[in-house]
Amino acid sequence: MPELYDTRAPNPPSRATLVGVKLRDNLMHETEESLQELRQLAETAGIQVVCETIQSRNTPNPTYFIGEGKVEELKPIVEELDADAIIFDEELSPAQTRNLERALDIVAIDRTGLILHVFAQRALTKEARLQVSLAQLEYALPRLTRMWTHLSRLATGGGGGGPIRGPGETQLEMDRRWIRRNIGQVRKALQAVERQRQVQRKNRSEKIKVSFVGYTNAGKSTLFNLLTGESVLAEDKLFATLDSTTRRVDLPEKQQILLSDTVGFIKKLPHQLVAAFKATLEEVVEADLLLHVVDVSHPEAEAQIAAVNEVLADLDATDIPMLMIFNKIDNLKAEDDLQVLRSQYPDAHLISAQRGDGIETLMDALSNRFVELGPDLSLSIPYTDGKALDLLYKHGTVLNAEYAADAIHVKARMPNRYLKSVSKFLVSS
Ligand SMILES: Nc1nc2c(ncn2[C@@H]2O[C@H](COP(=O)(O)OP(=O)(O)OP(=O)(O)O)[C@@H](O)[C@H]2O)c(=O)[nH]1
Ligand SMILES: [Mg+2]
């Protein structure tokens, strides 16, 4: 793949001032928690946070988002602390970005830009990198001044891939044309990768598909590893996982499911990213069951659940049955009160993916859930059709097998999706 798709910024900032804005409709603690998350995002991106500030205002100032007085106040601070970026926990307009950069003489970044930057740094596979490229290009199109996060010209690598100005074309038009052309190329490359993925998915269409969803850092990958014996990267960083991984898991009642670990969601997830990651998220959209993993020890657990549900609505995935999993119960403090959450989600499973608490019960619940899908069946299987019996053992629960002279008489349960493969052996019960 040409270096054209190198999504990493050529010279990302290293010392940042963070700005949160409490608007009329927000609560102060929400603004504070969100700023705390922005700090985590910045740190994940390798940016040191040298200062944090919150301004309360009714509505954003159209010129700077924050007030002019606040900008004046920040000038000496930024200089003294040697900050090279100001990061807003809000979405800045292209004009606000430009004005802030001029006034403070440092890079101005918004929450979306930072999230895109983190994704770009962490994207390893070809598909994830293409998806991030697409999101970045679409974000860059109206914001041509934001060179730090763009696909840089440097990234076009050899072959003189940078833009060449056409007759009568302004720099701006040329840049736009260059970005549009790249969007086209990245889309094409993505389609090719997605076609491959479709083939793989077809092979799985028979199986029960279960997919994790959840806020970033909730513990999805830790639980995935525990259930599959895999070693997907799980760490205390936001967006440790960008690609989905799917593995077979055998449930206690012997049914097999395909379990997928997926990218985590976040509040104010850039819509460019949701669109770009639609293919990766097909694991979610096509699932028979979603396991919504929540870090229940997080002070914002409830808001995080809401943020995940919002993204699911964006993906049209709200009709898929969902099981709530309250993770990290080992991390709960005495003063934490789960009353509200538990009353909202009485069926939630309380677990610790790290310590293994509650896992057996969770597996049993999953197993029972899929057994319920099939009614009790009576079958008569000729000895020459041993394969059908194998299928029953593999995907269903054999309640009783009687080896008679003419055939094997079996009582079993089978998930509905497999019924077809044994239906010709059904006898009335
Ligand atoms: N105390 C505690 N920590 C946990 C538990 N489960 C996971 N963690 C920790 O939480 C952090 C995030 O875990 P991951 O499994 O990477 O979370 P994730 O949901 O996959 O996160 P992303 O891939 O970033 O969306 C890691 O440091 C885990 O060790 C748990 O049950 N208890
Ligand atoms: Mg993960």
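The structure presented is a predicted model; accordingly, all values stated were derived computationally and were not measured. Atoms within each ligand, like the ligands themselves, are counted from 1 in listed order.
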May I ask you to check if ligand 1 and [X] share an N or O to N or O distance below 3.5 Å?
X: T262; answer: no
X: S352; answer: yes
X: I351; answer: no
X: G219; answer: yes

Under 3.5 Å, side chain of [X] to main-chain N/O of [Y], donor-acceptor pair present?
X: R111; Y: K268; result: no
X: E138; Y: I183; result: no
X: N327; Y: A218; result: yes

Mark up the atoms of ligand 1 that fall under 4.0 Å of a heavy atom belonging to [X], in ascending order.
X: A234; value: 14 (P), 15 (O), 16 (O)
X: F239; value: 24 (O)
X: S221; value: 15 (O), 18 (P), 20 (O)
X: G264; value: 25 (O)
X: A218; value: 17 (O), 19 (O)

Practice task
Considering only non-hydrogen protein atoms, determine which one is nearest to atom 27 (O) of ligand 1 and report residue, atom name and distance to 0.1 Å.
Solution key: D236 N, 3.2 Å

Practice task
Check each of K220, R122, K328 against atom 25 (O) of ligand 1 and report the one with the nearest heavy atom.
Solution key: K220

Problem - Selected option - heavy-atom contact closest to atom 14 (P) of ligand 1, from T222, T216, N217 - result: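 That would be T222.
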
Handout entry: Between T262 and E283, a side-chain donor and acceptor under 3.5 Å
Key = no

Handout entry: Pairwise side-chain contact, M28 with S56, heavy-atom cut-off 4.5 Å (strictly under)
Key =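 The answer is yes, as the side chains (C-beta and beyond) meet within the 4.5 Å cut-off.
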
Problem - Min heavy-atom dist K237 to ligand 1 below 4.0 Å - result: yes

Handout entry: In the protein, N/O/S atoms that are found under 2.8 Å from the Mg ion (ligand 2), waters not counted
Key = S221 OG, T241 OG1

Problem - Worked check of side-chain hydrogen bond (donor to acceptor under 3.5 Å, both in side chains) between D261 and S221 - result: CA-CA 6 Å; D261 185 24; S221 299; 2.7 Å; yes

